[in-house]
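What follows is a single structure, written as structure tokens, with notes after it.
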Amino acid sequence: MIETLNDPQREAVTLSQGHALILAGAGSGKTKVLTTRIAWLVQNRLASPLAILAVTFTNKAAREMQTRVAAALPINTRGMWIGTFHGLCHRLLRAHSRDAGLPQSFQILDTTDQLAAIKRLLKANGVDDEKYPPRDVQRFINSSKEEGLRSHAVTVDDPFSRQLRDIYALYESQCERDGVVDFPELLLRALELLQRHEPIRTHYQQRFRHILVDEFQDTNRLQYQWLQLLGGGALSIFAVGDDDQSIYAFRGANVGNMADFERDYANGQVIRLEQNYRSHGHILDAANGLIAQNSGRLGKTLWTDAGEGELIRVIEQPTDHAEAHWIVDEIRSLTQEDFGRSDIAILYRSNAQSRVLEHALFSSGIAYRVYGGLRFFERQEVKHALAYLRLASRADDDTSWLRVVNFPARGIGARSLESLTDQARAHGTSLAQAVPRVAGKAGSHLAQFLTMVHQMHQDTQRLSLAETVDQILETSGLRDHYRQQRDGAERLENLDELVTAAKVFELEEELAGLPCGVPREQRGSSAEPDDPEVIPMSPLDGFLSHAALESGDTQAQAGEQAVQLMTVHAAKGLEFEAVFISGLEDGLFPHENSLNESSGLEEERRLMYVAMTRARQRLYLSLAQSRMLHGQTRYSIRSRFLEEVPEAHTKWLTPRATMMGGWLDQSHAGSGSPMKAAAPVGTSNGLAVGGVRFRVGQGVRHPRFGEGTVLALSGLGLDAQAQIHFLDVGTKTLALGIAKLDIIEG
DNA sequence: CGTACGCTTATTTTT
DNA sequence: TAAGCGTACG
């Protein structure tokens with residue numbers, strides 16, 4: 001088991017105790033180290049399976065770890081807590097719902113549910129949603145929670161933030177009443193549970209002697225606090241991460257946790273895993289060269305003994321369409337060269353770029369698969385069904401109530417709901433409880449609905465989970481509704497799929513030997529006498545939590561011999577024989593929104609680093625001089641990242657346009673007639689407005705913003721716009737007809 | 001109650 | 001461009 005490890009890997013795996021930070025570079029065997037360590041600890045009786053907690057970010061990673069550990073150990077591994085932050089916190093909250101101040105059958109709000117709840121709240125309280133857009137409110141609430149702040153703890157210094165705080169407070173009480181918990185709440189509640197209940201805290205602190213954290217660079221402050229608290233009694237906290245692959249700052253990840261970890265656990269060791277088992281030399285050295293330009297790194301240089309391999313190929317095409325065609329042609333020859341289609345990936349910075357690529361792939365008949373998009377449990381019809389199921393479990397769940405009270409339509413319109421909401425507010429009850437207070441025809445319709453919900457609840461008591469789901473699809477009228485709809489066939493299939501999912505869930509739970517995901521040996525008499533980890537949760541609640549916490553695969557496509565298309569973010573953790581990184585243009589990658597701050601640019605650079613290190617043997621970097629964006633043709637200069645990749649590792653397949661005076665020389669022999677239709681008046685790469693000709697790369701002066709460089713041009717005539725990066729004020733988009741711009745000569 | 005039209009806006013995303 | 005949202009109308 002240990003023999004196949006290199007020295008630093010072995011050192012990491014066999015640390016018997018003490019905290020440690022493992023800096024694990026891309027492709028350095030991170031997962032192997034984590035799983036081998038768990039197996040090693042157990043096998044050498046340094047830890048009981050019960051003493052191990054391993055935490056990841058995604059269900060996929062958790063599953064993989066679970067499987068690999070189980071494969072490495074001859075014994076039952078179920079006593080270990082391996083899961084996502086949210087999954088594990090959820091488990092804690094279910095086990096101690098009373099102490100956590102939650103109803104036994106609390107439900108989980110996903111991001112969309114949460115937004116709906118906020119919209120409802122704003123409306124009910126007459127908040128101006130122009131001034132307080134629901135999305136901003138949501139961000140405020142979530143980031144407050146991620147800082148560990150309850151509404152009362154939020155500092156306010158102006159009327160605006162005071163109002164936000166008040167909304168936050170209202171939201172808290174609404175959730176309380178509905179018995180629902182949003183994603184950040186799972187973490188915050190779990191933290192508070194441990195903080196406030198000494199016996200519970202002590203129990204878990206004494207239990208978990210070994211804590212392992214995956215993708216530590218992605219943790220936020222709250223997660224770090226949670227780890228610190230839970231790990232209060234641990235022999236070892238083993239945090240694995242790579243600061244160079246931190247690409248989620250935009251959603252609250254705090255790379256600083258890595259440095260903090262070094263400080264807070266100063267006696268801990270830092271081990272660097274720098275041998276890369278994935279990429280060939282040129283690719284690796286190029287990536288190293290690029291990332292070296294970032295400041296404040298913890299420091300790490302990957303190496304390989306795989307040989308230098310092939311040079312990185314760089315391609316420049318006149319348009320996004322030409323770029324896509326070139327890539328597709330190249331893929332065709334790659335497949336003749338023994339590359340499997342699924343060993344090839346096309347990566348891009350933003351989802352909008354997939355269109356052109358898909359179109360080109362489709363018309364040449366190459367099978368492809370796009371990652372991302374709607375996932376199973378997020379589909380409208382599935383969410384409707386889940387809302388009914390939630391009501392069957394808890395009729396007081398107002399969010400679910402409002403979602404389906406009139407879907408399918410049953411004569412309960414805005415008027416009826418208004419009086420219901422009024423009653424509920426006046427008496428401080430849930431909508432379900434307020435039903436008897438509504439008189440008249442509206443009241444009887446509502447009463448009918450409530451009866452149906454009660455009936456559904458009865459059904460849950462006598463039927464199995466899958467039968468319940470099936471039954472509810474009928475009683476709710478959802479099936480009928482979609483049967484009548486013209487294009488409802490696919491939705492009906494998804495509803496059937498939901499029944500199947502329930503069956504699978506039941507089956508898996510049964511295999512695991514319990515109805516709710518807790519190992520049997522921890523339940524009933526065989527467990528320690530006062531084991532608090534007995535989870536009182538019905539199969540239905542289990543299934544609903546499962547649906548919320550694991551929104552399902554994007555689209556499990558069978559017959560997987562397909563080229564893989566995805567964003568760079570989605571590609572993290574994956575690897576391919578051949579990788580195309582497309583759209584290497586300034587403004588796109590790095591993305592324009594990140595250019596204002598250096599931290600933004602550095603994150604983009606890490607993103608580029610992640611993208612490059614996905615490739616095993618062959619890497620292509622491609623760009624287009626013009627591309628359709630927001631319905632307008634945009635002319636861009638090539639990505640600064642291309643300049644940052646050491647030249648020794650690249651080979652330009654199309655003549656390299658030289659940067660003359662900052663703009664592109666387009667005289668190269670591209671394909672056919674490049675800019676024919678797309679080029680604006682009078683020039684191949686510039687825009688003429690009022691007798692002044694602007695070019696990408698051109699230096700300009702603005703009376704107020706000062707000096708800057710033209711990043712991109714778009715539109716014609718009155719629509720003509722330029723995106724300009726000003727030295728002092730950052731990037732701005734200006735209308736060329738209006739802005740008083742001077743060309744800086746030379 | 002459902003549809004149609006017009007307006008707005010436009011990274012990255014897991015739980 | 002195109003999708004998503006809100007309002008207005010039938």
Side-chain angles (χ1 to χ4, degrees), chain A residues 55-62 83-90 108-115 119 123 129-130 133-135 139 142 145-146 181-188 190 214-215 218-220 222-223 246-253 320 347-356 359 371-375 377-378 380 406-417 481 485 545-554 566-573 583 587-595 600 603-604 606-608 610-611 627-634 714-715 733:
Chain A
V55 61
T56 64
F57 274 86
T58 65
N59 292 302
K60 195 176 155 202
T84 62
F85 278 100
H86 292 84
L88 297 178
C89 287
H90 173 246
I108 301 168
L109 291 186
D110 69 19
T111 315
T112 323
D113 297 334
Q114 186 191 27
L115 189 64
K119 282 180 183 163
K123 198 163 280 174
D129 59 2
E130 295 269 285
R135 273 176 199 289
R139 238 201 329 260
N142 288 349
K145 288 187 182 185
E146 278 161 11
V181 164
D182 59 40
F183 285 135
E185 182 75 20
L186 284 168
L187 300 174
L188 183 52
D214 190 20
E215 307 276 18
D218 289 338
T219 49
N220 61 33
L222 185 54
Q223 286 158 338
S246 160
I247 55 174
Y248 285 113
F250 72 91
R251 66 174 194 210
D320 46 354
L347 309 184
Y348 35 80
R349 173 66 237 267
S350 67
N351 286 304
Q353 289 169 252
S354 75
R355 250 200 179 72
V356 195
H359 180 78
Y371 282 73
L374 257 202
R375 286 172 315 177
F377 287 112
E378 290 168 359
Q380 185 211 105
N406 200 36
F407 191 93
R410 43 176 78 88
I412 301 176
R415 279 178 309 118
S416 316
L417 282 178
H481 175 84
Q485 209 144 79
S545 305
H546 167 79
L549 290 174
E550 199 161 340
S551 31
D553 271 326
T554 303
M566 65 192 85
T567 63
V568 180
H569 283 93
K572 187 169 149 208
L588 196 61
F589 198 1
H591 197 276
E592 57 199 8
N593 296 357
S594 69
L595 294 178
E603 176 142 326
E604 295 287 305
R606 291 192 290 271
L607 203 49
M608 180 68 183
V610 168
R627 123 176 4 253
M628 194 61 124
L629 207 65
H630 307 330
Q632 286 184 319
T633 307
R634 228 169 90 147
S714 62
T733 304

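Chain letters run A, B, ... following the sequence lines, proteins first, then strands; residues in each count from 1.
- Counting non-hydrogen atoms under 4.0 angstrom, A/Phe57 reaches the backbone sugars and phosphates but no base.
- Between the side chains of A/His591 and A/Ser350, no donor-acceptor pair of N or O atoms lies under 3.5 Å.
- Residue A/Ile412 is in sugar-phosphate contact alone, with no base atom involved, counting any heavy-atom pair closer than 4.0 Å across all strands shown.
- A/Ser354 is linked by a side-chain hydrogen bond (donor to acceptor under 3.5 Å, both in side chains) to A/Glu358, counting only residues two or more places apart in sequence or in another chain.
- Residues satisfying the side chain to side chain contact (heavy atoms under 4.5 Å, CB included) criterion with A/Ala249, sequence neighbours excluded, are A/Glu603.
- If you take CZ of A/Arg135 and C1' of C/dG6, they are 14 Å apart, rounded to a whole angstrom.
- If you take atom P in B/dT13 and the same atom in C/dG4, they sit 16 Å apart, rounded to whole Å.
- Residue whose closest nucleotide on DNA chain B sits further toward the 5' end, between A/Ala409 and A/Glu603: A/Ala409.
- Within the nucleic acid shown, A/Gln114 has no heavy atom closer than 4.0 Å to any nucleic acid atom.
- Across all strands, A/Asn406 comes closer than 4.0 Å only to sugar-phosphate atoms, never to a base (heavy-atom distances).
- Contact annotation: A/Arg355 side-chain N/O to C/dA3 OP1/OP2 distance is under 4.0 Å.
- Nucleotides of DNA chain B nearest to A/Ala414 and A/Asn59 differ in position, and the one nearer the 5' end is that of A/Ala414.
- Across the protein-nucleic acid pair, A/Asn351 atom CG and C/dA3 atom P stand 13 Å apart, rounded to whole Å.
- Residue contacts shown for A/Asp110 are absent, as no nucleic acid heavy atom lies under 4.0 Å away.
- Applying the ring pair (Phe, Tyr, Trp, His ring centres under 6.0 Å) rule to A/Phe85 yields the partners A/Phe57, A/Trp226; only residues at least two apart in sequence or on another chain are considered.
- A/Tyr248 is linked by a ring pair (Phe, Tyr, Trp, His ring centres under 6.0 Å) to A/Phe250, A/His569, counting only residues two or more places apart in sequence or in another chain.
- Annotation: B/dT11 and C/dG6 have their C1' atoms spaced 25 Å apart (nearest Å).
- Across all strands shown, A/Phe85 has no heavy atoms under 4.0 Å from either base or sugar-phosphate atoms.
- Extent of DNA chain B lying under 4.0 Å from chain A heavy atoms, first and last nucleotide in 5' to 3' order, is B/dC1 to B/dT15.
- Partners of A/Asn59 under the side-chain hydrogen bond (donor to acceptor under 3.5 Å, both in side chains) rule, at least two apart in sequence or in another chain, do not exist in this structure.
- In this structure, the side chain of A/Gln223 engages the main chain of A/Asn220 through a donor-acceptor pair within 3.5 Å.
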